[in-house]
Amino acid sequence: MRSKVLATVAAVALAIVLGVLDYVTGREWAISAFYLLPTCIAAWVAGRWAGFAMGALCTCAWFLSDVLNGATYQSPLIPVWNAIMLFVFFLVVVWLLTAFQRSHYHLEQIVGQRTAALRAEIEERKRLEQAKLQAERLGVVGSMAAQVAHEIRNPLGSISLNLDLIGEEVDALAHSNSRSSDECRLLLREIRSQVLRITQVLQEYLQFARMPRSERAALSLRELLEEKLGFVQPLLDRSQVGLNKVFDPDLPPVHADPEQLWEALLNLIRNAVDAMPGGGNLTIATKRNGTKALVSVSDSGHGMTEEEARNLFIPFFTTKTDGTGLGLAHTQQIVTEHGGRIDWTTKRGEGSTFTIQLPLEVGTWHEELLANCECTDAIT
């Protein structure tokens, strides 16, 4: 607005100066063509109507200077006719100039939109290429994990059975030497705990390698979270973590497998709790973004370093002493299988936020699109 006002004031001042010069010099300098300059300035900066007004002002300035100079004509209507022709000329120039300006602005908008669309397409292709590479990597890892788990499971079963037999023998000999039997029981418990740890790791590997076929249906995220979060409340209480729930009551359902989706969210919740060893706040939120539903898990923990953030979804990468590094990779696998994506933001010392983006149930947003469209009958 300031530039428009300044341009208009400058154009008016220039028109007045030209009118004075035209009056003082008469026809010797022939400066009539210069009246086009303030008209074009006003039209280009302030708009078409400002250009029309400036053209009228310049026409009046020329007409007054011509009349006051005492120029003689064969007919008194000739200067009036010349003024009208000059004003029409100004109108045509202003119209063409502003039309060109609008076309140029429209072209800039189209170029900007297409550039943004091209940039988005490039980013999407990069993301798909990374997802493809990640899927291939996960496929290889999954095959290896399944093979290793299959080869180790049978020996582990045999070891567990023999531990049970040894335990029975120790109980039988307990009456002869109680001190030795207590030491044997302690060793057996330690061995059994390690065998259980290996079994759990193998179970995670098999779960990662052989993700069951999803049974998707229309699913309310609010109902799922209200139901499942009650089961993790004891974990949050033990860790002194407060839970904040921010659910969109009008969020339409998503098309997802409830068990697999909850498994993905549970991995994020556990990671968030582990990031707050001294307690903190956990926030679970849902909202709508166009045809997508967003589920975010935020913690007030220690955050992540740049290296940790880069390697988040790489299998077997973990910062935990007892972790397998498959939790987030499995979460990403589930989200990708559901046609979604997972994003994250983190800042050292201020916590992290993971956001799962899932497509809404097709009928939901399609019906809304038809309802909001003015040409519903034509589309139907």
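FYI, the numbering just counts along the sequence from 1.
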Strictly distance-based, threshold 3.5 Å: is any side-chain N or O of [X] a donor or acceptor partner for the main-chain N or O of [Y]?
X      : Y      : result
Thr98  : Trp95  : yes
Arg288 : Gly290 : yes
His338 : Asp257 : yes

For [X], give me all partners under side chain to side chain donor-acceptor pair (under 3.5 Å), at least two apart in sequence or on another chain.
X      : value
Ser352 : Thr346
Asp237 : Gln233
Ser300 : none
Thr355 : none

Provide the closest heavy-atom pair for [X] versus [Y] in the form atom of the first, atom of the second, distance.
X      : Y      : result
Ser220 : Pro253 : N-CB, 4.4 Å
Leu261 : Ile334 : N-CG2, 4.4 Å
Leu219 : Pro258 : CD2-CA, 3.8 Å
Cys58  : Thr39  : SG-OG1, 3.6 Å
Ala293 : Leu360 : CB-CD2, 3.6 Å
Thr59  : Gly55  : OG1-O, 2.7 Å

Does [X] belong to the same Ile/Leu/Val/Met/Phe/Trp/Tyr cluster as [Y], with side-chain heavy atoms less than 4.5 Å apart forming each link?
X      : Y      : answer
Leu57  : Val45  : no
Leu268 : Leu266 : yes
Leu86  : Val17  : yes
Phe87  : Trp81  : no
Val232 : Leu243 : yes

Applying side chain to side chain donor-acceptor pair (under 3.5 Å) to Tyr105 and Gln101, what does each step give before you reach the verdict? CA-CA 6 Å; Tyr105 176 71; Gln101 185 185 38; over 6 Å; no
[atom1]/[X] to [atom2]/[Y] distance, rounded to the nearest 0.5 angstrom?
X      : Y      : atom1 : atom2 : value
Ile110 : His106 : CD1   : NE2   : 3.5 Å
Asn289 : Asp248 : CG    : CG    : 11.5 Å
Arg102 : Leu97  : CZ    : CG    : 11.0 Å
Asp299 : Thr353 : CG    : OG1   : 7.0 Å
Leu294 : Thr286 : CG    : OG1   : 9.0 Å
Leu236 : Asn281 : CG    : CG    : 11.0 Å

Would a 4.5 Å heavy-atom cut-off, applied to side chains only, mark [X] and [Y] as touching?
X      : Y      : value
Phe90  : Phe52  : no
Gln333 : Thr336 : no
Trp262 : Glu227 : no
Trp49  : Val94  : no
Phe247 : Leu221 : no
Arg222 : Pro249 : yes

Any chance you could lay out the side chain to side chain contact (heavy atoms under 4.5 Å, CB included) test for Arg119 and Ile122, step after step, and finish with the verdict? CA-CA 5 Å; Arg119 188 180 295 112; Ile122 292 174; 5.7 Å; no
Apply salt bridge (charged side-chain N to carboxylate O under 4.0 Å, His left out) to the pair Lys228 and Glu259, showing each step before the final yes or no. CA-CA 10 Å; Lys228 298 293 187 180; Glu259 296 304 323; 3.6 Å; yes
Option from Asp343, Ile342, Thr345, Asn271 for which side-chain contact (heavy atoms from CB on, under 4.5 Å) with Phe354 holds: Ile342
Geometric class of the His104/Phe100 ring pair [parallel <30°, tilted 30-60°, perpendicular >60°]: parallel
Apply side chain to side chain contact (heavy atoms under 4.5 Å, CB included) to Lys245 and Leu225, showing your working. CA-CA 9 Å; Lys245 296 183 288 186; Leu225 292 171; over 6 Å; no
Atom NZ of Lys287 with >12 non-hydrogen neighbours under 6.0 angstrom: no
So, using salt bridge (Lys or Arg N to Asp or Glu O under 4.0 Å) as the criterion, who are the partners of Lys126 when residues are at least two apart? none
For Glu108, check salt bridge (Lys or Arg N to Asp or Glu O under 4.0 Å) against everything at least two apart and list the hits. none
List the steps and the verdict of side chain to side chain contact (heavy atoms under 4.5 Å, CB included) for Ile284 and Ile269. CA-CA 9 Å; Ile284 313 293; Ile269 293 173; 4.2 Å; yes
